[in-house]
Amino acid sequence: MPLHNVEIAKMLDQTGELLEIQGGNPFRARAYRRAARVVGGLGKSIQTLIAADKDLTELPGIGDDLAAKITAIATTGRFDLLEQLKHELPGDLGDIAALPGVGPKRLKLLYDRLGVRTLDELRRCAAAGRLRDVKGLGGKFEIRLREALQKPAGPSRFRLSVVEDEADALLAFLRDAGGVGAVVAAGSFRRRRETVGDLDILATARDGWKIGDRLIAYENVVKTLAHGPMRTSVELRSGLQVDLRVVPAASLGAALIYFTGSKAHNLALRRLAQRRGWKLNEYGLFDQDHRIAGSTEQAVYRKLGLSYIPSELREDRGEIAAARTHSLPALVSLADIRGDLHVHSNWSDGAVPIAVMAEAARARGYGYIALTDHSQHLAITHGLDVERLSRQTDEIDRLNARREDFTILKGIEVDILTDGTLDLPDSILARLDLVVAAVHSRFDLSAKAQTDRIIRAMDNPHVSIVAHPTGRLIGDRDAYAVDMERLIEAAAGHGCHFEINAEPDRLDLSDLHARAAKAAGVKLAISTDAHSADGLDFMRFGVDQARRGWIEPGDILNTRQLPALRKLLKR
DNA sequence: GCCGTTTTCGGCCCGACTGTTTTCAGTCG
């Protein structure tokens, strides 16, 4: 059975983990982990690359050996080395290693001295107090482990928008303290990843203890995990962990780079520095003991011979090579957006009338919106039939007649039915400015059927944009099975476009898919799918994901003035 | 296991905090 990239990546990662637990050469284990990350972050599927006879050793961190192993995994669905490791190291060692405070060394102690192989066995040993007697472990470790074992596994990652709410309040609280300079959020939050594991905050302050004390005193803190002169870690009521790092102002730039990550990006930068005989850490870029850069990120990148790399690109996905040749993309920004192409009103399941949505969009500096209510098949949303849609277009004509400087485009978010036909007849679709097509049912189809279904919808020449193409809800629902490469290919061939749905729980297309679409020449709309005026503000999350996908203003439909946009919407 | 404008062998990022060590290993980011 041929496997997808994520599945291959998972097997490689598991292999790396087990190799690490087993001991032996740690760099070998690291090589598997790196390969896992590279495969997981690939825009194209390994299957496609193999089919096209591409040389996998051209991928970073993949040599002859791993290329052969990846090919074997991809084609057979099996990985002998992993099977062998699982046989040699039975039990849920991976789950045990995931516990806080348990790394490969302590895991080995538990395994060798106590014979612990499963979480249940560990729980029994911890309860019986047998851990503290093992030389190298101890009472504190046992207590911490017992707590971790009791705690129900909470959400390990939080949606970006959720963390943003927490961060805004917490940053304001910390900035209010005396003797504090900069207080900024870094980490995956600053890279604008769709989900955030923990919130990293960087501060410059005269006294690191003091701002740490203030963090601990924050009302939502339930637990202090670590507290020192440079670093304090706490857990909030929501379960979100916050890491506060304090550095001198002269180190702010280097610390921002270090604390923003990603880890892989930092490793690559440090290797670059190392090759020049320098050292890069959170305090600066050093030639021997002499700091040659550090107060700003720009200066550090410049010294390393790189253009400034926007935080959204720092994933070690080719940005360092591009920065070296000064060929980074000029990323789209919120200021480039001139309108919103997916908006609902109270004609279907939106909260407010068309005029209110239009006014809210105008207040945000837009020149147009596309009103795209649901179609009849989605009865629960009070979806529009031909007659109501027809009346809605008349209403929009009346509203448009009132304003010179703002246009409401007549649209629909039409359901793609199970067989790929559309929920409304061509006769009415032809009268609209744009048709957004979307799947809202039968998420259970096979990948082939789902892909055929959406391609058939794109065959209809009235369809301009496919909305939320994979149907995922972050943390709630996986994407339906669909062959994204075939969809992108079809869209490119049809002159059809995809949406980056900006709702923080959708962000669909994802960053990787957006990048793949761009590579194929497919243009994208960044749309909010707003069901109320406030919903229009989700635009920033869509723009952030687009930036993570290396997207430039020219790749986006709704960066254009209305006449240019209209041309692109016609097929 | 990967990789090379110092190397095809000998390296592989770097520092803070904790707990158990009695001067530092393990974990984490």
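Numbered from 1 within each chain, the chains take letters A, B, ... in sequence-line order.
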Just to be sure I understand the geometry, which residues of residues 178-191 of chain A put a non-hydrogen atom under 4.0 Å away from DNA chain B?
none

Residues which pass side chain to side chain donor-acceptor pair (under 3.5 Å) with Asp289(A), listed by chain and number, not counting sequence neighbours
none

Roughly how far apart, to the nearest Å, are dG1(B) and dT5(B) at atom P?
23 Å

N/O to N/O distances under 3.5 Å, protein versus nucleotides 2-8 of chain B:
residue	atom	partner	partner atom	Å
dC2(B)	OP1	Gly63(A)	N	2.6
dC2(B)	OP1	Gly63(A)	O	3.4
dC2(B)	OP1	Leu66(A)	N	3.1
dC3(B)	OP1	Gly61(A)	N	2.8

Quick one: which residue pairs count as a ring-ring contact (aromatic ring centres under 6.0 Å, His included) with a foot in residues 68-127 of chain A, not counting sequence neighbours?
none

Would you please name every residue forming a side chain to side chain donor-acceptor pair (under 3.5 Å) with Thr204(A), sequence neighbours left out?
none

Whole-angstrom distance between dC2(B) and dC13(B), as gauged at atom P
16 Å

Can you pull out the residues from residues 294-310 of chain A that lie within a 4.0 Å heavy-atom distance of DNA chain B?
none

Under 3.5 Å for both donor-acceptor distances, Watson-Crick or wobble: does dT8(B) have a partner, and if so which one?
none

Kindly state each residue pair satisfying ring-ring contact (aromatic ring centres under 6.0 Å, His included) with at least one member in residues 267-298 of chain A, sequence neighbours excluded.
none

How far does the P atom of dC9(B) sit from the matching atom of dG15(B), given to the nearest Å?
31 Å

Do the side-chain N or O atoms of Tyr283(A) get closer than 4.0 angstrom to the phosphate oxygens (OP1, OP2) of dA16(B)?
yes

Annotated protein contacts, base or backbone, on nucleotides 19-29 of chain B with a non-hydrogen cut-off under 4.0 Å, one of B, S, - each:
SS-----SSSB

Mind checking side chain to side chain donor-acceptor pair (under 3.5 Å) for Glu282(A) and listing every partner two or more places apart, or none if nothing turns up?
Arg245(A)

In this structure, how many angstroms lie between the C1' atom of dA16(B) and the CG atom of Leu244(A), rounded?
13 Å

Which ring-ring contact (aromatic ring centres under 6.0 Å, His included) pairs, counting each pair once, include a residue from residues 173-195 of chain A, with sequence neighbours left out?
Phe173(A)-Tyr218(A)

ring-ring contact (aromatic ring centres under 6.0 Å, His included) contacts touching residues 38-57 of chain A (sequence neighbours left out)
none

Among dT18(B), dC13(B), dA16(B), which is the nearest nucleotide to the side chain of Met230(A)?
dA16(B)

Pick the P atom in dC12(B) and in dG19(B), then give their distance to the nearest Å.
30 Å

dG29(B) and dT23(B): how far apart are their C1' atoms, nearest whole angstrom?
24 Å

For Asp478(A), look at atom CG and say whether over 12 heavy atoms of other residues, nucleotides or ligands are found less than 6.0 Å away.
no

Could you work out, with side chain to side chain donor-acceptor pair (under 3.5 Å) as the rule, every residue matching Arg106(A), not counting sequence neighbours?
none

